Structure formats: structure tokens, C-alpha cells
Novice: 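One structure, as C-alpha cells, below. Some questions next.
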Amino acid sequence: MPTPHPSETAAPTPAAAAAVSEALAMPPAPKGEPAGERGSWRRGEAPGPAAPPGLRPGRPTGRFAKVLRRPERIPAPLLCLAAMFLVQTGIALSKPLFGPLGVSGTTFLRLGFAAVILLAVTRPRLRGKRPRDLGAAALLGMASAGMTFLFAGAIDRLPMGTAATIEFLGPLAVALVFARRASHLLWALLAAAGVVLLTLLGEGGDGGGLDPVGLLYAFGAAACYAAYILFTDKVGAAFQGFQGLAVSMTVGALTLAPFGLGEAWDGLTAPGASPVVLLASVAGVSLLLPVIPYALEMTALRRMPQRVFSVLVSLEPAVSALVGLVVLGQLLGAPQLAGIGCVVAASVGATLTGRR
């Protein structure tokens, strides 16, 4: 299947933009709120993979209430699945930009656009914040930058499903560590079996063995994913709504600036390049990840139990493999599909048997 042109990234409708604005401006729940670039959530007890808060946000009011009530007619699980597909589609549509802009240049521009959007919408207030709160936001931004850059490097060398499954080991490891149950050793072993199937028996995009550098990128992204989930807990407690996300996203863009700014500039000013089209494509991708999915998740979380959401998020590696097949034409073999299935089953099992 041919790779889509970057300019094919769809622009959000005015209704979607209004929903995004209202969702991002929504005040946090008393004991948790979203504060992560990939949709991780702070929760009061043991964290699970991309788990939502124990208390769901209140019903929105104001001029955008009617807009948000429209998607509420859609079943909440469908909204969560739509958010996951948007995230993975945004990742897939980033890959064609790696050629003209480079991996670091594309990642820097995407984080930069996302930071500008979030700063404009949330207008974070830093006055009165303790130094350790600002430090936590900075560390979250650096972890997010590392995760985003390393994962981009992984999908540049590996099939999307393989890279996403290995990266998903980060939140799964956090969930297993905080569970502190001997029975969770079974899920850890199942996840390890999935990794073995992916890394030892999996094939790369050319039918050969997996790129070892790509695997290092993927495992590095998993480590950053775990770190950023832990920092999300601290930032979510210190900042209201998405203000912490806006601050951390800004720090993440600044962290990548020394590596990506020059590469992005070279790509935009190269002979024959179309800077307007490239910048518009990056801006569209930044809306697909993370801005619009948050609006959908915020709507769904008002009507969905925490455990159900966690189980649905466990499907992310499978969704990534499907999007990689449809958008990028990446066909996975039986060992890779079995490895993805093991990791998904381990995540679902850890969620369902975790502390209630």
C-alpha cells in the first residue's frame, strides 16, 4: 500500500476545535487529571497502563456544552478507540515527514506546534508554583521529549506494531511494579514471551531481521514512557487541568531544539522543498497527537469506569499494528502478531486482576 503524502493530514472541523478548547480548559478532578503527551493519566492508587483518574471530571458547562453533548451520544468505548486510532494515525503520518525533515526535525516541530496550541488554550499560571513542582514539569517534558524522539527513531526502522508493543512495556512495567502481587509474575512472563517473539523471530519491513538500532530506540522509548508516567503523577497533582501538560510540552520542544532545529531548517529550506506544505502537515499531525484525542477521552471518561478504560488502552499495540498495515502497508508475520497478542493479554490481565 503506498505511503500517503504528508499534505493528506485532515484538518479538524470547527466543532472538533471547540470540543478541544473546552476539554483542555476543563478543571481537574479532585484527585487526578490528564498530564501526559501520550495520554497517560494520574490516579490515586497503583497506576496501570495509561490509566484514567479514579474520579471523573464533572459535566462541562458554558457555551461549548452543547458541542460536547453531541459526542456523548456515541458509546464511550468508541470514543476511546477513536482516540487511539487518531494517535496511531498521527504517528503513521509522521513517518513520511522523516525524509524531508529528518526524525529529530519532525519530532521537534511536532512538539513545538503542540506546545503552542496548548499554551494558547490553557494559558498556564506559573506564579506561586513551588520550585519542585516546576522541576517535575521540566522532568516530565524531558521524559516526553525522549519518548517521542526515540519512538520516532524506532518506527523509522521497525514496523509500527513492533515498535509500539515494545514501547508499551514501559507503562506495563509500571503497572506490574506498583501491583506488588506475586500473581502478576505470570503477566510479566507473558509480556516477556511476547518480546522474545517480536525481537528474535520478528522480521523487519524488508523481510530481514529487525534493525538492532531500531530495537534500542524502542526499548529506550519504553524506559522514557515509564519515567514520564511517574512524573505525570506529580505534575498532575501540582497543576490544574492541562496547564502542566502545556508547560512540559514546551520544555520537551526546547529540549529537542538543539538536535532538531537545524535539521528542520535544512529540510524547510532545501531546494525544491515546499515549506508551507511541510509546516501544515506537521501542524496537522500535532493535532492528531495529542490535542484532539484528549477531547474525545475527556468526553468518554465522564461515562466510563476506570477499569474499562484501562482494558481498552491495553489494545494500543494491536491498534498500532492495524494502522501500520492500513496507512503504511506494513504486513506483520505470525510471530510478530503472536508477540503483540502476548503483550496485550498481559496488559489486560494485569488490569483486570489489579487492586480494585
Side-chain angles (χ1 to χ4, degrees), residues 1-10 37-38 85-115 144-167 203-208 210-222 224-225 249 252-253 255-290 320-332:
M1 183 174 296
T3 299
H5 191 276
S7 62
E8 293 177 2
T9 303
E37 193 259 348
R38 288 288 299 280
F85 272 100
L86 284 176
V87 168
Q88 296 303 323
T89 300
I91 293 171
L93 292 177
S94 296
K95 190 168 182 176
L97 297 169
F98 294 164
L101 297 175
V103 173
S104 60
T106 302
T107 306
F108 163 70
L109 289 176
R110 187 176 71 75
L111 288 183
F113 273 110
S144 181
M147 175 187 64
T148 307
F149 171 71
L150 291 172
F151 185 70
I155 65 171
D156 190 40
R157 297 169 178 266
L158 302 174
M160 268 188 61
T162 300
T165 304
I166 295 175
E167 188 204 32
E203 296 181 350
D206 57 357
L210 294 175
D211 189 317
V213 176
L215 290 174
L216 288 176
Y217 276 133
F219 281 107
C224 290
Y225 202 166
M249 193 72 66
T255 301
L256 288 179
F259 309 97
L261 182 58
E263 193 170 21
W265 177 259
D266 291 340
L268 293 172
T269 58
S274 178
V276 175
V277 173
L278 289 174
L279 289 175
S281 300
V282 176
V285 168
S286 68
L287 288 175
L288 291 176
L289 174 65
S320 179
L322 179 59
V323 172
L325 172 64
V326 174
V327 178
L328 300 176
Q330 297 176 340
L331 182 63
L332 301 181

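The model shown is predicted, which means the values in this text are computed figures rather than measured ones.
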Novice: If you measure from OG on Ser94 to CG on Asp156, what distance do you get to the nearest 0.5 Å?
Specialist: 11.0 Å
Novice: Contact between Ser281 and Val277 at the side-chain level, heavy atoms closer than 4.5 Å - yes or no?
Specialist: yes
Novice: Return each pair, listed once, that meets side-chain hydrogen bond (donor to acceptor under 3.5 Å, both in side chains) where at least one residue sits in residues 255-264; pairs must be two or more places apart or across chains.
Specialist: Ser104-Glu263
Novice: Hey, what do you get for OG (Ser286) to CG (Leu111), rounding to the nearest 0.5 Å?
Specialist: 9.5 Å
Novice: Identify which one of Leu288, Thr148, Leu287 satisfies the side chain to side chain contact (heavy atoms under 4.5 Å, CB included) criterion when paired with Arg110.
Specialist: Thr148
Novice: Can you list everything that forms a side chain to side chain contact (heavy atoms under 4.5 Å, CB included) with Leu261? Sequence neighbours excluded, please.
Specialist: Phe108
Novice: Knowing that exactly one of Leu256, Leu97, Val282, Leu150 qualifies, which makes a side chain to side chain contact (heavy atoms under 4.5 Å, CB included) with Thr107?
Specialist: Leu256
Novice: Hey, are the side chains of Gln330 and Leu325 touching, using non-hydrogen atoms and a 4.5 Å cut-off?
Specialist: no
Novice: Which distance, rounded to the nearest 0.5 Å, do you find between the OH of Tyr217 and the CG of Asp211?
Specialist: 9.5 Å
Novice: So which atom in Gly90 and which in Val285 form the shortest heavy-atom distance, rounded to 0.1 Å?
Specialist: O-CG1, 3.4 Å
Novice: Checking Ser320 now: which residues fulfil side chain to side chain donor-acceptor pair (under 3.5 Å) with it, not counting sequence neighbours?
Specialist: Gln88
Novice: Can you name the side chain to side chain contact (heavy atoms under 4.5 Å, CB included) partners of Ile155, sequence neighbours left out?
Specialist: Ile91, Phe98, Phe151, Met160, Ala163
Novice: List the residues meeting side chain to side chain donor-acceptor pair (under 3.5 Å) with Thr165, not counting sequence neighbours, and say none if there are none.
Specialist: none
Novice: Which atom names give the shortest non-hydrogen contact between Pro159 and Leu332, and what distance separates them?
Specialist: CB-CD2, 3.6 Å
Novice: Can you see which heavy atom on Ala273 is nearest to which on Pro275, and at what distance?
Specialist: O-CD, 3.3 Å
Novice: Atom CG in Leu278, atom CG in Leu101: separation rounded to 0.5 Å?
Specialist: 5.0 Å
Novice: Can you tell me how far CG of Leu215 sits from CG of Leu158, rounded to the nearest 0.5 angstrom?
Specialist: 5.0 Å
Novice: Output every pair passing side-chain hydrogen bond (donor to acceptor under 3.5 Å, both in side chains) with a member in residues 264-273, not counting sequence neighbours, ordered by first then second residue.
Specialist: none
